[in-house]
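Notes follow once the structure below has been shown.
Just so it is clear, the model here is predicted, and its values are computed rather than measured.
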Amino acid sequence: MKFNNKTVNLLIDRYGHYQYIVKLNKSLICECVNPSTKEPNVYCKKCLGTGYHIKIIKTFGASREGREFESDRTQAFAVTPKIFYMKGFLDIHKDDILIDSESVYIIYSFQHHRGVQGHQAFTRCVCPDLKLNTAIFLKLFKEVLNDKLRNDRKEK
């Protein structure tokens, strides 16, 4: 599918809102992971129950319901995802987590699209719903975000 960079950026400007991406550093296991079962503590604020070190990034973008059929040929399943468009280049990876208002999605795939002069025009993410306890995840996420905001205010 061909994307018009100008149109996508106009749509982001008009319909965009703030979202968050939880980047997973899968090379660093969180200390909450049980050594016997290899399961993370779902109530851990350090990793938000993912079992990996995390970094939270605030982004600005727009979304739409998935009208395209996305499939993973290697795993022989199909999903009807939500599609997100964010301005510029985002350093994201498959399995990072996207939070849009009260919804949580896993990044299934992504593409970086270049503009006319070769600059990174926007990033497109294909995101099915996250299959975990969303209520616990969102509660922890909000607590971590509020703690960070409080700490940022104290430092000023």
Side-chain angles (χ1 to χ4, degrees), residues 1-30 32-33 40 42 44-75 77-149 152:
M1 173 186 265
K2 187 84 169 149
F3 291 95
N4 181 319
N5 297 326
K6 195 175 198 177
T7 303
V8 170
N9 280 313
L10 286 171
L11 289 171
I12 292 171
D13 288 341
R14 176 128 191 216
Y15 300 107
H17 54 278
Y18 288 103
Q19 303 151 340
Y20 292 91
I21 294 180
V22 178
K23 292 181 54 57
L24 306 178
N25 184 343
K26 291 190 173 183
S27 64
L28 296 172
I29 305 293
C30 184
C32 78
V33 175
V42 295
C44 177
K45 283 189 178 183
K46 290 182 181 177
C47 71
L48 300 178
T50 64
Y52 302 105
H53 283 225
I54 62 168
K55 180 179 179 183
I56 298 172
I57 301 169
K58 188 175 185 178
T59 65
F60 189 79
S63 63
R64 69 172 178 81
E65 296 301 321
R67 299 269 186 247
E68 304 163 15
F69 184 73
E70 303 279 343
S71 66
D72 183 347
R73 290 180 189 94
T74 61
Q75 295 185 16
F77 71 91
V79 294
T80 304
K82 195 161 188 174
I83 311 296
F84 291 89
Y85 298 95
M86 289 152 275
K87 280 193 172 184
F89 174 83
L90 287 178
D91 180 26
I92 55 175
H93 298 95
K94 186 178 186 305
D95 298 331
D96 284 347
I97 299 167
L98 192 145
I99 301 165
D100 181 33
S101 185
E102 294 293 316
S103 299
V104 182
Y105 303 91
I106 190 161
I107 295 176
Y108 172 75
S109 68
F110 59 93
Q111 299 88 35
H112 301 291
H113 294 267
R114 295 192 180 278
V116 179
Q117 273 79 34
H119 71 285
Q120 290 297 149
F122 66 92
T123 301
R124 176 182 179 266
C125 298
V126 178
C127 303
D129 288 334
L130 182 62
K131 301 296 183 224
L132 61 76
N133 191 328
T134 304
I136 293 172
F137 184 88
L138 281 173
K139 181 179 184 290
L140 289 173
F141 173 77
K142 288 175 184 177
E143 288 175 10
V144 168
L145 211 55
N146 286 333
D147 291 348
K148 183 181 177 349
L149 290 172
D152 288 349

Just jot down the salt bridge (Lys or Arg N to Asp or Glu O under 4.0 Å) partners of K55, sequence neighbours excluded, or say none.
none
Among F89, F84, Y85, which residue satisfies the side chain to side chain contact (heavy atoms under 4.5 Å, CB included) criterion with F122?
Y85
Check D147 against K45 and note the closest heavy-atom contact, atom names and distance.
OD2-NZ, 3.6 Å
Non-hydrogen side-chain atoms of I97 and F137 separated by less than 4.5 Å
yes
If I take atom CD1 from residue I83 and atom SG from residue C127, how far apart are they, to the nearest 0.5 angstrom?
7.5 Å
Mind listing the closest non-hydrogen atom pair of L138 and S101 along with its distance?
CD2-O, 4.4 Å
Who passes salt bridge (Lys or Arg N to Asp or Glu O under 4.0 Å) against D13, sequence neighbours left out?
K87
Residue Y18 excluded, over 12 heavy atoms near OH under 6.0 Å
no
Report the distance from atom NZ of K82 to atom OG of S63, rounding to the nearest 0.5 Å.
4.0 Å
In Å, rounded to the nearest 0.5 Å, how long is the span from CD1 of I99 to CD1 of I57?
11.5 Å
Any heavy-atom pair between the side chains of E143 and L140 that's under 4.5 Å?
yes
After noting the C-alpha distance and the side-chain angles of D100 and H17, does the key distance pass the side chain to side chain contact (heavy atoms under 4.5 Å, CB included) rule?
CA-CA 9 Å; D100 181 33; H17 54 278; 2.5 Å; yes
Return a table of donor-acceptor pairs under 3.5 angstrom between the side chains of residues 19-26 and protein atoms on other chains or two or more places apart.
residue : atom : partner : partner atom : Å
K23     : NZ   : D91     : O            : 2.6
N25     : OD1  : S27     : N            : 3.2
N25     : OD1  : S27     : OG           : 2.6
K26     : NZ   : D95     : OD2          : 3.0

Answer yes or no: is there a side-chain heavy-atom contact under 4.5 Å between C125 and F110?
yes
Residues M86 and G61: closest non-hydrogen pair is CG-CA, 3.8 Å
To the nearest 0.5 Å, atom CD1 of I54 lies from atom CG of L28 at 12.0 Å
Side-chain heavy atoms of C30 within contact of P40, under 4.5 Å:
no
